[in-house]
There are 2 protein chains.
Amino acid sequence: MSTPPASIAAAADEAAPRSRRGRPGYDRAQVLEIAVRLFNEQGYDATSVSSLAAELGLSKAALYHHFSSKEQILQIALDDALGGLEAVLEDALSGEQPTAARLVSVIQGAVRVLTSRLPQVTLLLRVHGNSEIERAALERRRIFDQRVAKLVAQAQREGELRSDIRPSVATRLMFGMINSLIEWYRPAHTSLTPEELVGDVTRVIFDGLRAR
Amino acid sequence: MSTPPASIAAAADEAAPRSRRGRPGYDRAQVLEIAVRLFNEQGYDATSVSSLAAELGLSKAALYHHFSSKEQILQIALDDALGGLEAVLEDALSGEQPTAARLVSVIQGAVRVLTSRLPQVTLLLRVHGNSEIERAALERRRIFDQRVAKLVAQAQREGELRSDIRPSVATRLMFGMINSLIEWYRPAHTSLTPEELVGDVTRVIFDGLRAR
DNA sequence: GTCTATAACGCGATAGAC
DNA sequence: GTCTATCGCGTTATAGAC
(Lines give C-alpha, C1' and ligand atoms only; values in the text may rest on other atoms or scores of the structure.)
Protein backbone atom coordinates (compact mmCIF):
# COMPACT_ATOMS: atom_id res chain seq x y z
CA MET A 1 0.00 0.00 0.00
CA SER A 2 2.57 2.59 -1.03
CA THR A 3 0.86 5.06 -3.36
CA PRO A 4 -2.91 5.26 -3.10
CA PRO A 5 -3.79 6.08 -6.72
CA ALA A 6 -5.99 9.01 -7.65
CA SER A 7 -9.71 8.43 -8.01
CA ILE A 8 -12.65 10.45 -9.18
CA ALA A 9 -13.77 11.00 -5.62
CA ALA A 10 -10.29 11.99 -4.50
CA ALA A 11 -10.05 14.50 -7.33
CA ALA A 12 -13.38 15.97 -6.29
CA ASP A 13 -12.33 16.17 -2.67
CA GLU A 14 -9.16 18.00 -3.59
CA ALA A 15 -10.84 20.40 -5.96
CA ALA A 16 -13.75 21.30 -3.73
CA PRO A 17 -11.87 23.22 -1.01
CA ARG A 18 -9.94 25.60 -3.23
CA SER A 19 -12.19 28.40 -4.47
CA ARG A 20 -13.24 27.92 -8.06
CA ARG A 21 -12.96 30.62 -10.65
CA GLY A 22 -15.31 31.44 -13.50
CA ARG A 23 -19.01 30.92 -13.87
CA PRO A 24 -20.49 28.81 -11.10
CA GLY A 25 -21.80 25.36 -11.97
CA TYR A 26 -20.56 21.80 -12.09
CA ASP A 27 -16.94 20.87 -12.53
CA ARG A 28 -15.75 17.72 -14.25
CA ALA A 29 -15.56 15.58 -11.12
CA GLN A 30 -19.09 16.46 -10.03
CA VAL A 31 -20.52 15.64 -13.43
CA LEU A 32 -18.61 12.36 -13.40
CA GLU A 33 -20.00 11.39 -10.04
CA ILE A 34 -23.61 11.96 -11.04
CA ALA A 35 -23.12 10.30 -14.41
CA VAL A 36 -21.65 7.14 -12.91
CA ARG A 37 -24.45 7.02 -10.36
CA LEU A 38 -27.02 7.19 -13.16
CA PHE A 39 -25.17 4.61 -15.24
CA ASN A 40 -25.33 2.23 -12.30
CA GLU A 41 -28.99 2.90 -11.58
CA GLN A 42 -30.29 2.67 -15.13
CA GLY A 43 -27.51 1.02 -17.09
CA TYR A 44 -25.04 2.78 -19.36
CA ASP A 45 -26.93 2.25 -22.61
CA ALA A 46 -30.27 3.10 -21.06
CA THR A 47 -28.95 6.40 -19.71
CA SER A 48 -29.29 9.03 -22.42
CA VAL A 49 -27.27 12.21 -22.50
CA SER A 50 -30.59 14.01 -22.24
CA SER A 51 -31.51 12.30 -19.00
CA LEU A 52 -28.07 12.97 -17.60
CA ALA A 53 -28.42 16.62 -18.53
CA ALA A 54 -31.87 16.72 -16.97
CA GLU A 55 -30.57 15.16 -13.75
CA LEU A 56 -27.90 17.83 -13.59
CA GLY A 57 -30.26 20.60 -14.60
CA LEU A 58 -28.07 21.38 -17.60
CA SER A 59 -28.51 21.46 -21.31
CA LYS A 60 -27.09 18.57 -23.27
CA ALA A 61 -24.58 20.84 -24.92
CA ALA A 62 -23.20 22.01 -21.59
CA LEU A 63 -22.15 18.45 -20.85
CA TYR A 64 -19.87 18.53 -23.86
CA HIS A 65 -17.88 21.28 -22.24
CA HIS A 66 -16.83 18.74 -19.60
CA PHE A 67 -16.50 15.68 -21.82
CA SER A 68 -15.91 14.97 -25.45
CA SER A 69 -18.37 12.08 -25.54
CA LYS A 70 -20.63 9.89 -23.45
CA GLU A 71 -18.16 7.06 -23.93
CA GLN A 72 -15.37 9.14 -22.47
CA ILE A 73 -17.25 9.32 -19.18
CA LEU A 74 -17.50 5.55 -19.17
CA GLN A 75 -13.84 5.25 -20.09
CA ILE A 76 -12.68 7.47 -17.23
CA ALA A 77 -14.75 5.62 -14.66
CA LEU A 78 -13.58 2.21 -15.87
CA ASP A 79 -9.97 3.41 -15.92
CA ASP A 80 -10.36 4.55 -12.35
CA ALA A 81 -11.60 1.16 -11.21
CA LEU A 82 -9.12 -0.87 -13.24
CA GLY A 83 -6.23 1.42 -12.37
CA GLY A 84 -6.96 1.00 -8.69
CA LEU A 85 -7.00 -2.78 -8.92
CA GLU A 86 -3.87 -2.92 -11.08
CA ALA A 87 -2.01 -0.63 -8.69
CA VAL A 88 -2.86 -3.01 -5.87
CA LEU A 89 -1.39 -5.89 -7.84
CA GLU A 90 1.77 -4.00 -8.81
CA ASP A 91 2.25 -3.04 -5.23
CA ALA A 92 1.87 -6.63 -4.03
CA LEU A 93 4.28 -7.96 -6.64
CA SER A 94 6.99 -5.39 -5.96
CA GLY A 95 9.46 -5.76 -3.11
CA GLU A 96 10.58 -8.81 -1.18
CA GLN A 97 7.65 -10.71 0.25
CA PRO A 98 6.54 -14.33 0.59
CA THR A 99 3.92 -15.34 -1.95
CA ALA A 100 1.23 -15.76 0.68
CA ALA A 101 1.80 -12.21 1.89
CA ARG A 102 1.52 -10.92 -1.67
CA LEU A 103 -1.84 -12.65 -1.97
CA VAL A 104 -3.05 -11.12 1.27
CA SER A 105 -2.04 -7.72 -0.06
CA VAL A 106 -3.97 -8.26 -3.28
CA ILE A 107 -7.12 -9.38 -1.48
CA GLN A 108 -7.06 -6.61 1.08
CA GLY A 109 -6.12 -3.99 -1.51
CA ALA A 110 -8.94 -5.14 -3.76
CA VAL A 111 -11.49 -4.86 -0.94
CA ARG A 112 -10.21 -1.35 -0.17
CA VAL A 113 -10.51 -0.30 -3.81
CA LEU A 114 -14.02 -1.77 -3.98
CA THR A 115 -15.20 0.04 -0.88
CA SER A 116 -13.55 3.36 -1.67
CA ARG A 117 -14.60 3.45 -5.33
CA LEU A 118 -17.87 1.55 -5.19
CA PRO A 119 -19.58 3.38 -8.08
CA GLN A 120 -16.71 3.00 -10.53
CA VAL A 121 -16.09 -0.65 -9.67
CA THR A 122 -19.81 -1.36 -9.85
CA LEU A 123 -19.83 0.04 -13.36
CA LEU A 124 -16.80 -2.06 -14.26
CA LEU A 125 -18.33 -5.28 -13.00
CA ARG A 126 -21.55 -4.72 -14.92
CA VAL A 127 -19.87 -4.10 -18.24
CA HIS A 128 -20.74 -6.76 -20.80
CA GLY A 129 -18.66 -6.00 -23.88
CA ASN A 130 -21.23 -4.02 -25.87
CA SER A 131 -18.63 -1.62 -27.29
CA GLU A 132 -14.92 -1.40 -27.98
CA ILE A 133 -14.31 0.42 -24.71
CA GLU A 134 -16.22 -2.19 -22.74
CA ARG A 135 -14.37 -5.01 -24.43
CA ALA A 136 -11.04 -3.37 -23.62
CA ALA A 137 -12.08 -3.11 -19.99
CA LEU A 138 -13.08 -6.78 -19.93
CA GLU A 139 -9.70 -7.66 -21.39
CA ARG A 140 -7.87 -5.71 -18.69
CA ARG A 141 -9.94 -7.53 -16.09
CA ARG A 142 -9.05 -10.85 -17.69
CA ILE A 143 -5.35 -10.05 -17.53
CA PHE A 144 -5.69 -8.96 -13.92
CA ASP A 145 -7.44 -12.22 -13.04
CA GLN A 146 -4.76 -14.23 -14.82
CA ARG A 147 -1.98 -12.54 -12.92
CA VAL A 148 -3.71 -13.23 -9.63
CA ALA A 149 -4.28 -16.83 -10.70
CA LYS A 150 -0.52 -17.15 -11.28
CA LEU A 151 0.06 -15.91 -7.76
CA VAL A 152 -2.42 -18.47 -6.46
CA ALA A 153 -0.70 -21.24 -8.42
CA GLN A 154 2.65 -20.27 -6.97
CA ALA A 155 1.25 -20.21 -3.44
CA GLN A 156 -0.10 -23.69 -4.04
CA ARG A 157 3.32 -24.93 -5.19
CA GLU A 158 4.89 -23.43 -2.12
CA GLY A 159 2.42 -25.29 0.06
CA GLU A 160 0.76 -22.16 1.37
CA LEU A 161 -2.61 -22.82 -0.28
CA ARG A 162 -4.54 -26.06 -0.64
CA SER A 163 -3.81 -27.78 -3.94
CA ASP A 164 -7.05 -29.69 -4.47
CA ILE A 165 -8.66 -26.73 -6.22
CA ARG A 166 -7.48 -25.40 -9.58
CA PRO A 167 -5.82 -21.97 -9.35
CA SER A 168 -8.25 -20.53 -11.89
CA VAL A 169 -11.24 -21.79 -9.92
CA ALA A 170 -9.83 -20.67 -6.59
CA THR A 171 -9.17 -17.21 -8.03
CA ARG A 172 -12.66 -16.93 -9.43
CA LEU A 173 -14.32 -18.03 -6.19
CA MET A 174 -12.14 -15.60 -4.27
CA PHE A 175 -12.97 -12.65 -6.48
CA GLY A 176 -16.55 -13.76 -6.73
CA MET A 177 -16.78 -13.18 -3.02
CA ILE A 178 -14.86 -9.91 -3.12
CA ASN A 179 -16.70 -8.48 -6.10
CA SER A 180 -20.07 -9.32 -4.63
CA LEU A 181 -19.48 -6.54 -2.12
CA ILE A 182 -20.79 -4.05 -4.66
CA GLU A 183 -24.20 -5.69 -4.37
CA TRP A 184 -24.71 -4.91 -0.71
CA TYR A 185 -21.91 -2.99 0.97
CA ARG A 186 -22.96 0.61 1.63
CA PRO A 187 -20.51 2.31 4.02
CA ALA A 188 -23.08 4.94 4.90
CA HIS A 189 -25.88 2.53 5.80
CA THR A 190 -24.01 0.09 8.03
CA SER A 191 -21.85 0.06 11.12
CA LEU A 192 -19.39 -2.25 9.40
CA THR A 193 -16.30 -0.22 8.58
CA PRO A 194 -14.26 -0.88 5.44
CA GLU A 195 -11.37 -2.13 7.56
CA GLU A 196 -13.58 -4.57 9.43
CA LEU A 197 -14.79 -5.82 6.08
CA VAL A 198 -11.19 -6.21 4.90
CA GLY A 199 -10.56 -8.42 7.92
CA ASP A 200 -13.73 -10.48 7.51
CA VAL A 201 -13.10 -11.15 3.83
CA THR A 202 -9.47 -12.10 4.41
CA ARG A 203 -10.37 -14.52 7.17
CA VAL A 204 -13.16 -16.19 5.23
CA ILE A 205 -11.05 -16.59 2.09
CA PHE A 206 -8.08 -18.11 3.89
CA ASP A 207 -9.69 -20.01 6.75
CA GLY A 208 -13.36 -20.38 5.86
CA LEU A 209 -16.43 -20.13 8.04
CA ARG A 210 -15.87 -23.25 10.15
CA ALA A 211 -15.12 -22.77 13.82
CA ARG A 212 -11.66 -23.91 14.96
CA MET B 1 -31.97 -33.37 -1.88
CA SER B 2 -35.20 -35.35 -2.03
CA THR B 3 -37.29 -33.88 -4.85
CA PRO B 4 -35.36 -32.09 -7.56
CA PRO B 5 -37.93 -29.46 -8.53
CA ALA B 6 -39.05 -28.96 -12.10
CA SER B 7 -37.29 -26.38 -14.23
CA ILE B 8 -37.75 -24.89 -17.66
CA ALA B 9 -34.84 -26.90 -19.00
CA ALA B 10 -36.11 -30.10 -17.41
CA ALA B 11 -39.53 -29.57 -18.92
CA ALA B 12 -37.95 -29.09 -22.33
CA ASP B 13 -35.82 -32.20 -21.94
CA GLU B 14 -38.84 -34.26 -21.02
CA ALA B 15 -40.99 -32.91 -23.80
CA ALA B 16 -38.43 -33.32 -26.54
CA PRO B 17 -38.32 -37.12 -26.74
CA ARG B 18 -42.06 -37.76 -26.86
CA SER B 19 -43.44 -36.90 -30.28
CA ARG B 20 -45.35 -33.66 -30.30
CA ARG B 21 -48.81 -33.39 -31.77
CA GLY B 22 -50.38 -30.51 -33.59
CA ARG B 23 -48.90 -27.87 -35.82
CA PRO B 24 -45.09 -27.95 -35.78
CA GLY B 25 -43.29 -24.96 -34.37
CA TYR B 26 -42.05 -23.78 -31.03
CA ASP B 27 -43.61 -24.99 -27.81
CA ARG B 28 -43.77 -22.90 -24.69
CA ALA B 29 -40.54 -24.25 -23.20
CA GLN B 30 -38.53 -23.55 -26.33
CA VAL B 31 -39.81 -20.01 -26.56
CA LEU B 32 -38.97 -19.50 -22.90
CA GLU B 33 -35.44 -20.74 -23.38
CA ILE B 34 -34.72 -18.39 -26.25
CA ALA B 35 -36.41 -15.47 -24.51
CA VAL B 36 -34.38 -15.89 -21.33
CA ARG B 37 -31.18 -16.18 -23.36
CA LEU B 38 -32.00 -12.88 -25.09
CA PHE B 39 -32.93 -11.20 -21.81
CA ASN B 40 -29.54 -12.17 -20.42
CA GLU B 41 -27.63 -11.07 -23.50
CA GLN B 42 -29.32 -7.72 -24.02
CA GLY B 43 -31.09 -7.03 -20.77
CA TYR B 44 -34.82 -7.47 -20.14
CA ASP B 45 -35.85 -3.88 -20.82
CA ALA B 46 -33.64 -3.61 -23.88
CA THR B 47 -35.17 -6.74 -25.43
CA SER B 48 -38.27 -5.77 -27.38
CA VAL B 49 -40.99 -8.25 -28.17
CA SER B 50 -40.25 -7.51 -31.82
CA SER B 51 -36.64 -8.57 -31.48
CA LEU B 52 -37.68 -11.72 -29.64
CA ALA B 53 -40.15 -12.53 -32.42
CA ALA B 54 -37.45 -11.84 -35.00
CA GLU B 55 -34.99 -14.14 -33.20
CA LEU B 56 -37.59 -16.91 -33.26
CA GLY B 57 -38.68 -16.19 -36.80
CA LEU B 58 -42.22 -15.64 -35.58
CA SER B 59 -44.66 -12.80 -35.71
CA LYS B 60 -45.40 -10.89 -32.57
CA ALA B 61 -48.93 -12.25 -32.63
CA ALA B 62 -47.64 -15.83 -32.62
CA LEU B 63 -45.66 -15.10 -29.48
CA TYR B 64 -48.78 -14.03 -27.67
CA HIS B 65 -50.19 -17.46 -28.33
CA HIS B 66 -47.56 -18.81 -25.93
CA PHE B 67 -47.58 -15.98 -23.41
CA SER B 68 -49.94 -13.29 -22.34
CA SER B 69 -47.21 -10.67 -21.90
CA LYS B 70 -43.50 -10.04 -21.95
CA GLU B 71 -43.62 -9.74 -18.19
CA GLN B 72 -45.13 -13.19 -17.88
CA ILE B 73 -42.03 -14.67 -19.48
CA LEU B 74 -39.88 -12.85 -16.94
CA GLN B 75 -42.16 -13.98 -14.14
CA ILE B 76 -41.93 -17.64 -15.10
CA ALA B 77 -38.15 -17.57 -15.36
CA LEU B 78 -37.76 -15.80 -12.03
CA ASP B 79 -40.21 -18.21 -10.38
CA ASP B 80 -38.17 -21.08 -11.70
CA ALA B 81 -34.95 -19.74 -10.19
CA LEU B 82 -36.50 -18.69 -6.89
CA GLY B 83 -38.53 -21.86 -6.61
CA GLY B 84 -35.42 -23.94 -7.02
CA LEU B 85 -33.55 -22.08 -4.32
CA GLU B 86 -36.50 -22.12 -1.93
CA ALA B 87 -37.00 -25.85 -2.46
CA VAL B 88 -33.37 -26.38 -1.49
CA LEU B 89 -33.93 -24.46 1.72
CA GLU B 90 -37.17 -26.27 2.59
CA ASP B 91 -35.43 -29.53 2.01
CA ALA B 92 -32.51 -28.60 4.26
CA LEU B 93 -34.79 -27.40 7.04
CA SER B 94 -37.02 -30.49 7.01
CA GLY B 95 -36.07 -33.68 8.81
CA GLU B 96 -33.69 -34.29 11.65
CA GLN B 97 -30.25 -32.93 10.93
CA PRO B 98 -27.55 -31.00 12.74
CA THR B 99 -27.49 -27.31 11.82
CA ALA B 100 -24.12 -27.61 10.11
CA ALA B 101 -25.45 -30.35 7.86
CA ARG B 102 -28.42 -28.19 6.95
CA LEU B 103 -26.06 -25.44 5.92
CA VAL B 104 -24.05 -27.83 3.78
CA SER B 105 -27.26 -28.91 2.09
CA VAL B 106 -28.24 -25.32 1.36
CA ILE B 107 -24.85 -24.48 -0.11
CA GLN B 108 -24.60 -27.57 -2.23
CA GLY B 109 -28.22 -27.36 -3.31
CA ALA B 110 -27.77 -23.73 -4.29
CA VAL B 111 -24.73 -24.55 -6.42
CA ARG B 112 -26.67 -27.32 -8.12
CA VAL B 113 -29.59 -25.01 -8.86
CA LEU B 114 -27.19 -22.37 -10.19
CA THR B 115 -25.44 -24.79 -12.51
CA SER B 116 -28.57 -26.56 -13.72
CA ARG B 117 -30.62 -23.39 -14.28
CA LEU B 118 -27.90 -20.93 -15.17
CA PRO B 119 -30.04 -18.75 -17.50
CA GLN B 120 -32.93 -18.34 -15.08
CA VAL B 121 -30.71 -17.66 -12.09
CA THR B 122 -28.61 -15.25 -14.13
CA LEU B 123 -31.77 -13.33 -14.94
CA LEU B 124 -32.77 -13.35 -11.27
CA LEU B 125 -29.43 -12.03 -10.09
CA ARG B 126 -29.45 -9.17 -12.58
CA VAL B 127 -32.91 -7.94 -11.68
CA HIS B 128 -32.85 -4.47 -10.18
CA GLY B 129 -36.39 -3.70 -9.13
CA ASN B 130 -37.54 -1.79 -12.19
CA SER B 131 -41.08 -3.19 -12.06
CA GLU B 132 -43.50 -4.75 -9.61
CA ILE B 133 -42.52 -8.24 -10.71
CA GLU B 134 -38.84 -7.50 -10.25
CA ARG B 135 -39.41 -5.99 -6.83
CA ALA B 136 -41.39 -9.06 -5.79
CA ALA B 137 -38.49 -11.25 -6.91
CA LEU B 138 -36.02 -9.13 -4.95
CA GLU B 139 -38.23 -9.46 -1.89
CA ARG B 140 -38.30 -13.25 -2.21
CA ARG B 141 -34.51 -13.23 -2.49
CA ARG B 142 -34.28 -11.07 0.62
CA ILE B 143 -36.43 -13.49 2.58
CA PHE B 144 -34.37 -16.41 1.35
CA ASP B 145 -31.16 -14.67 2.44
CA GLN B 146 -32.64 -13.91 5.84
CA ARG B 147 -33.62 -17.51 6.42
CA VAL B 148 -30.12 -18.65 5.52
CA ALA B 149 -28.65 -15.99 7.79
CA LYS B 150 -30.74 -17.40 10.65
CA LEU B 151 -29.28 -20.80 9.93
CA VAL B 152 -25.79 -19.30 10.00
CA ALA B 153 -26.53 -17.57 13.31
CA GLN B 154 -27.71 -20.82 14.82
CA ALA B 155 -24.62 -22.66 13.59
CA GLN B 156 -22.51 -19.98 15.22
CA ARG B 157 -24.33 -20.39 18.54
CA GLU B 158 -23.81 -24.12 18.34
CA GLY B 159 -20.10 -23.57 17.86
CA GLU B 160 -20.03 -25.01 14.36
CA LEU B 161 -19.16 -21.75 12.63
CA ARG B 162 -16.73 -19.04 13.65
CA SER B 163 -18.44 -16.27 15.62
CA ASP B 164 -16.16 -13.35 14.81
CA ILE B 165 -18.14 -12.52 11.68
CA ARG B 166 -21.74 -11.31 11.72
CA PRO B 167 -24.23 -13.86 10.37
CA SER B 168 -25.54 -11.39 7.80
CA VAL B 169 -22.03 -10.67 6.55
CA ALA B 170 -21.04 -14.34 6.50
CA THR B 171 -24.19 -15.17 4.54
CA ARG B 172 -23.58 -12.43 2.02
CA LEU B 173 -19.96 -13.40 1.48
CA MET B 174 -20.98 -17.02 1.09
CA PHE B 175 -23.67 -16.30 -1.46
CA GLY B 176 -21.48 -13.72 -3.12
CA MET B 177 -19.10 -16.55 -3.92
CA ILE B 178 -21.86 -18.94 -4.97
CA ASN B 179 -23.77 -16.45 -7.08
CA SER B 180 -20.62 -15.35 -8.89
CA LEU B 181 -20.68 -18.70 -10.64
CA ILE B 182 -23.11 -17.29 -13.19
CA GLU B 183 -20.36 -14.95 -14.37
CA TRP B 184 -17.99 -17.66 -15.49
CA TYR B 185 -19.23 -21.23 -15.08
CA ARG B 186 -20.15 -22.74 -18.44
CA PRO B 187 -20.62 -26.52 -18.12
CA ALA B 188 -20.13 -26.95 -21.86
CA HIS B 189 -16.85 -25.04 -22.06
CA THR B 190 -14.94 -26.56 -19.18
CA SER B 191 -13.88 -29.93 -17.85
CA LEU B 192 -15.06 -28.97 -14.37
CA THR B 193 -18.24 -30.92 -13.68
CA PRO B 194 -21.06 -29.44 -11.59
CA GLU B 195 -20.37 -31.95 -8.83
CA GLU B 196 -16.67 -31.05 -8.71
CA LEU B 197 -17.73 -27.44 -8.43
CA VAL B 198 -20.12 -28.32 -5.59
CA GLY B 199 -17.18 -29.85 -3.75
CA ASP B 200 -14.81 -26.97 -4.43
CA VAL B 201 -17.29 -24.34 -3.27
CA THR B 202 -18.20 -26.26 -0.12
CA ARG B 203 -14.55 -26.72 0.84
CA VAL B 204 -13.63 -23.08 0.25
CA ILE B 205 -16.62 -21.76 2.19
CA PHE B 206 -16.05 -23.96 5.23
CA ASP B 207 -12.28 -24.33 5.31
CA GLY B 208 -10.90 -21.58 3.11
CA LEU B 209 -7.99 -21.64 0.69
CA ARG B 210 -5.15 -22.08 3.20
CA ALA B 211 -3.26 -25.37 3.16
CA ARG B 212 -3.59 -27.50 6.30
C1' DG C 1 -10.92 31.40 -17.84
C1' DT C 2 -14.91 28.47 -16.65
C1' DC C 3 -19.24 27.12 -17.30
C1' DT C 4 -23.84 27.16 -19.74
C1' DA C 5 -27.65 28.04 -23.55
C1' DT C 6 -29.92 28.03 -28.09
C1' DA C 7 -30.37 25.77 -32.15
C1' DA C 8 -29.69 22.37 -35.25
C1' DC C 9 -27.33 18.27 -37.55
C1' DG C 10 -26.95 13.27 -39.19
C1' DC C 11 -28.41 8.95 -38.07
C1' DG C 12 -30.91 4.62 -36.76
C1' DA C 13 -34.89 2.69 -34.91
C1' DT C 14 -39.58 2.41 -34.63
C1' DA C 15 -44.46 2.89 -35.60
C1' DG C 16 -48.33 3.69 -38.63
C1' DA C 17 -50.20 4.03 -43.10
C1' DC C 18 -50.69 1.71 -47.10
C1' DG D 1 -45.18 -6.98 -45.93
C1' DT D 2 -43.21 -2.40 -47.39
C1' DC D 3 -42.53 2.24 -47.16
C1' DT D 4 -42.15 6.38 -44.92
C1' DA D 5 -42.70 9.86 -41.53
C1' DT D 6 -41.27 10.78 -37.21
C1' DC D 7 -38.83 10.56 -33.11
C1' DG D 8 -35.00 10.31 -29.98
C1' DC D 9 -30.28 9.57 -29.96
C1' DG D 10 -25.31 11.40 -29.49
C1' DT D 11 -23.17 15.27 -31.12
C1' DT D 12 -21.75 20.07 -32.88
C1' DA D 13 -21.50 25.25 -33.86
C1' DT D 14 -21.91 29.42 -31.97
C1' DA D 15 -22.43 32.72 -28.51
C1' DG D 16 -23.34 34.67 -23.91
C1' DA D 17 -23.03 34.88 -18.60
C1' DC D 18 -20.30 34.81 -14.41
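Below, read A as the first sequence line, B as the second, and so on, with proteins coming before strands; counting in each chain starts at 1.
Going from atom NZ of Lys60(A) over to atom C1' of dC3(C) covers 19 Å, rounded to whole Å. Taking atom CG of Asp27(A) as the reference point, atom C1' of dT2(C) lies 10 Å away to the nearest angstrom. The NE2 atom of His65(A) sits 15 Å away from the C1' atom of dT12(D) (whole-angstrom rounding). Counting to the nearest Å, the C1' atom of dT11(D) and the CD atom of Gln72(A) are 13 Å from each other. Separating the CZ atom of Phe67(A) from the P atom of dT11(D) is a distance of 13 Å, rounded to the nearest angstrom. The interatomic distance linking Leu58(A) (CG) with dC3(C) (C1') rounds to 9 Å, in whole Å.
Under the 3.5 Å distance criterion, with hydrogens and angles disregarded, no donor-acceptor pair is assigned to the side chains of Gln156(A) and Ser163(A). Arg37(A) and Thr122(A) form no side-chain donor-acceptor contact under 3.5 Å, judged by distance and modelled atom types alone.
Cation-pi geometry between Lys70(A) and Tyr44(A) is met: under 6.0 angstrom from the ring centre, within 45 degrees of the axis.
Distances shown here put a side-chain N or O of His66(A) below 4.0 Å from the OP1 or OP2 atom of dT4(C). Applying the 4.0 Å criterion to OP1 and OP2 of dT11(D), one finds that Tyr64(A) has a side-chain N or O inside that range.
Applying the ring pair (Phe, Tyr, Trp, His ring centres under 6.0 Å) rule to Phe144(A) yields the partners Phe175(A); only residues at least two apart in sequence or on another chain are considered.
Interface residues of residues 37-56 of chain A facing DNA chain C, ordered by number: none; criterion, heavy-atom separation under 4.0 Å.
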>> As a quick check of understanding, evaluate side chain to side chain contact (heavy atoms under 4.5 Å, CB included) for Arg186(A) and Leu118(A), giving each step before the final call.
In response: CA-CA 9 Å; Arg186(A) 298 293 175 272; Leu118(A) 257 180; 4.1 Å; yes
> Checking side chain to side chain contact (heavy atoms under 4.5 Å, CB included) for the pair Arg147(B)/Ile143(B): CA distance, chi angles, key distance, verdict?
Replying inline: CA-CA 6 Å; Arg147(B) 295 175 73 190; Ile143(B) 291 171; 4.1 Å; yes
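For Lys70(A), counting side-chain heavy atoms from C-beta on, the closest listed nucleotide (dG10(D), dC3(C), dA5(C)) is dG10(D).
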